[in-house]
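Encoded as structure tokens, the structure appears first; notes follow it.
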Amino acid sequence: MSTLSRSFGLHKIVKQHYLSLAKGAECQVTYIWINKAGENLLCKTRTLEMEPAGIRGIVEDTDNFTLKLKMFVLVPVRMFRDPFTLDPNKLVLCEVLDGNYAPTGIKLSNQRSQCVKVMEKVKDFQPWFGMEQEYMLLDLDGKPFGWPSLGLPFTAGMTKNPCTVGINNMLGRDISISHYRACLYAGINICGTNAEAFPTQWEFQVGPCEGIEVGDHVWMARYILHRICEDFGVVASLDATPIEEKNHTSGCHTNFSTKEMRSKGGLQYIEEAIARLSKRHSQHLRVYDPHGGADNMIRLTNQSTTSSFQSFSTATASRKVSVRIPDHVSRSGCGYLEDRRPAANCDPYSVMRALAETLNDVHI
């Protein structure tokens, strides 16, 4: 047995004793930020003398970001309750700035600062976003959670209808339930969750949120998911193609609307927006995964429930198109559009910025 696997055998109940120990008015604040690849998260914790009343009550921190041995500044931007060590402790999402308080750049984890500028320019349109985050539960060996160690061939029978129940259909429901409750405790605007078509694939939905908020909430929901999976001894993969069978991919479908789209007669504006998106298909795909479109080139094969990487498509209700109009939106004549191209490992800020710039014709 490896040292890593032994660590999962540690008695989790023992930890509860230490969490129950009395303390003073001190508050533990966990600083969370996006790594330089723009795909994963980092964290550190420090003590404040008392519980902060809001984000302005949380001091900045610094960290060696291992890039040319420079020091970077962690600037708190959004605060959540901590579902792991409980009140009054906090989780704090941070932007990463350099020593001159400038954003660390396109390849160094801070897409948020640019997204904030775009959201400020389009605020009169009242843009709403919702994101549907898919993920796959894996064992440490990279195989789907619960798979026999010698493996099994992938068969068509392993594909189930989403939202199924039963141990013969889905694995890992306890993780999904725990994640949902932890997000609610934290104050994340999580609006739902469901099982997906593969036995160890799940999804949670965040939104609707206006402006920059959905990006902050999705990143924190991802952090909480990874932390919960630590306790359960499994891996939550946000890879676009997490397993060998490419029919089972993971996306982060993104819903978007403006006040005009949501108003009576809004279907006209939705259709106009989709026409604009069709003209910038390749530009969007370059920012819809963290590798310049390479992940989506494998994921978007026009098979199963994905569209084609090469060409733009749209329809009502179809799951095999680039951007769809949900059936209930078509019937009501207003609502939102769903962009199904973003990969599961996308940076939400990059997706939001691209949509806002294209659909509201703004640039920075």
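These numbers come from a predicted model, not from an experiment.
Annotation: salt bridge (charged side-chain N to carboxylate O under 4.0 Å, His left out) contacts of R262 (sequence neighbours excluded): none. Partners of D216 under the salt bridge (charged side-chain N to carboxylate O under 4.0 Å, His left out) rule, at least two apart in sequence or in another chain, are R78, R112. Shown here are the salt bridge (charged side-chain N to carboxylate O under 4.0 Å, His left out) partners of K44, two or more places apart in sequence or in another chain: D61, D63. The side chain to side chain contact (heavy atoms under 4.5 Å, CB included) check on I325 picks up L267, I270, E271, I274, T316, V329, S330, with sequence neighbours excluded. A search for side chain to side chain donor-acceptor pair (under 3.5 Å) contacts involving Q310 returns nothing, not counting sequence neighbours. Scored by the side chain to side chain donor-acceptor pair (under 3.5 Å) test, D295 finds H291, N345 as partners (sequence neighbours excluded). For D339, the side chain to side chain donor-acceptor pair (under 3.5 Å) partners are Y288, R341, not counting sequence neighbours. Scanning for salt bridge (charged side-chain N to carboxylate O under 4.0 Å, His left out) contacts around R222 gives an empty result, with sequence neighbours left out. When the side chain to side chain donor-acceptor pair (under 3.5 Å) test is applied to D87, the partners found at least two apart in sequence or on another chain are R81, Y185. Not a single side chain to side chain contact (heavy atoms under 4.5 Å, CB included) links R56 to another residue, sequence neighbours left out.
Using a distance-only test at 3.5 Å, with no hydrogens or angles considered, a donor-acceptor pair links the side chain of Q201 to the main chain of T249. Judged by distance alone, the side chain of N110 and the main-chain N or O of S113 form a donor-acceptor pair under 3.5 Å. In this structure, the side chain of H248 does not engage the main chain of M136 through any donor-acceptor pair within 3.5 Å. N360 contributes no side-chain N or O that, together with a main-chain N or O of V122, makes up a donor-acceptor pair within less than 3.5 Å. With hydrogens and angles ignored, the 3.5 Å screen pairs a side-chain donor or acceptor of W202 with a backbone N or O of L171. Looking only at distances, a side-chain donor or acceptor of D289 sits under 3.5 Å from a matching main-chain atom of G293. K15 places no side-chain N or O within donor-acceptor distance of the main-chain N or O of Y18, the cut-off being under 3.5 Å. Side-chain atoms of T254 come within 3.5 Å of backbone atoms of C252 as a donor-acceptor pair (strictly under, hydrogens ignored). Listed for the T314 side chain is a donor-acceptor partner under 3.5 Å among the backbone atoms of V323. Side chain of S20 to backbone of H17: a donor-acceptor contact under 3.5 angstrom is found.
With values rounded to the nearest 0.5 angstrom, L137 atom CG is found 7.5 Å from L225 atom CG. To the nearest 0.5 Å, the span separating OG1 on T358 from NE2 on H284 amounts to 3.0 Å. Taken from CG in L337 to CG in L355, the straight-line distance is 7.5 Å, to the nearest 0.5 Å. The structure places OG1 of T30 at 7.5 Å from CG of N89, a figure rounded to the nearest 0.5 Å. Once rounded to the nearest 0.5 Å, the distance linking CZ of R276 with NZ of K279 reads 8.5 Å. The line from NE2 of H253 to CD of Q205 is 11.0 Å long, rounded to the nearest 0.5 Å.
At least one side-chain heavy atom of D174 sits less than 4.5 Å from a side-chain heavy atom of F232. Inter-residue side-chain proximity for E132 and E338 is flagged as met; some heavy-atom pair is nearer than 4.5 Å. Counting only heavy atoms from C-beta outward, the side chains of E272 and Y269 approach each other to under 4.5 Å. The shortest side-chain heavy-atom distance between P52 and C27 falls under the 4.5 Å cut-off. Side chains of V321 and R324 form a contact here, defined as non-hydrogen atoms less than 4.5 Å apart. The shortest side-chain heavy-atom distance between N40 and L42 does not fall under the 4.5 Å cut-off. Proximity of V75 to V96: side-chain heavy atoms (C-beta onward) are nowhere separated by under 4.5 Å. Using a 4.5 Å cut-off on side-chain heavy atoms (C-beta onward), F84 and I224 make contact.
Closest approach of V218 and P348 over heavy atoms only: CG1-CG, 3.7 Å. When every heavy atom of T301 is checked against every heavy atom of I298, the shortest pair comes out as CG2-O, 3.0 Å. What you find for M261 and A273 is that their closest heavy atoms are CE-CB, 3.5 Å.
V29 and L86 fall into different hydrophobic clusters, where Ile, Leu, Val, Met, Phe, Trp and Tyr are joined by side-chain heavy atoms under 4.5 Å apart, directly or via other members. Under a hydrophobic-cluster definition in which Ile, Leu, Val, Met, Phe, Trp and Tyr are linked whenever side-chain heavy atoms come within less than 4.5 Å, directly or via other members, I212 and W128 are assigned to different clusters. Under the 4.5 Å side-chain heavy-atom criterion for Ile, Leu, Val, Met, Phe, Trp and Tyr, F204 and L184 are members of the same hydrophobic cluster. In this structure, L140 is a member of the same hydrophobic cluster as L138, with clusters built from ILVMFWY side-chain heavy atoms closer than 4.5 Å. V59 and I55 fall within the same hydrophobic cluster, where Ile, Leu, Val, Met, Phe, Trp and Tyr residues are linked whenever their side-chain heavy atoms come under 4.5 Å apart, directly or through other members.
A centroid separation of 6.0 Å or more is found between the aromatic rings of Y135 and H226.
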Step by step, work out the salt bridge (charged side-chain N to carboxylate O under 4.0 Å, His left out) result for K117 and E120. CA-CA 5 Å; K117 293 178 181 179; E120 179 63 24; over 6 Å; no

Could you give me the CA-CA distance, side-chain angles and deciding distance for E196 and N194, then say whether side-chain hydrogen bond (donor to acceptor under 3.5 Å, both in side chains) is met? CA-CA 6 Å; E196 279 297 325; N194 60 267; 3.1 Å; yes

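Evaluation of the salt bridge (charged side-chain N to carboxylate O under 4.0 Å, His left out) test over residues 300-312, restricted to residues two or more places apart or in two chains, returns none. Applying the side-chain hydrogen bond (donor to acceptor under 3.5 Å, both in side chains) rule to pairs touching residues 175-184 yields S176-T193, sequence neighbours excluded.
Between E357 and R280 no salt bridge is recorded (no basic side-chain N to carboxylate O distance below 4.0 Å).
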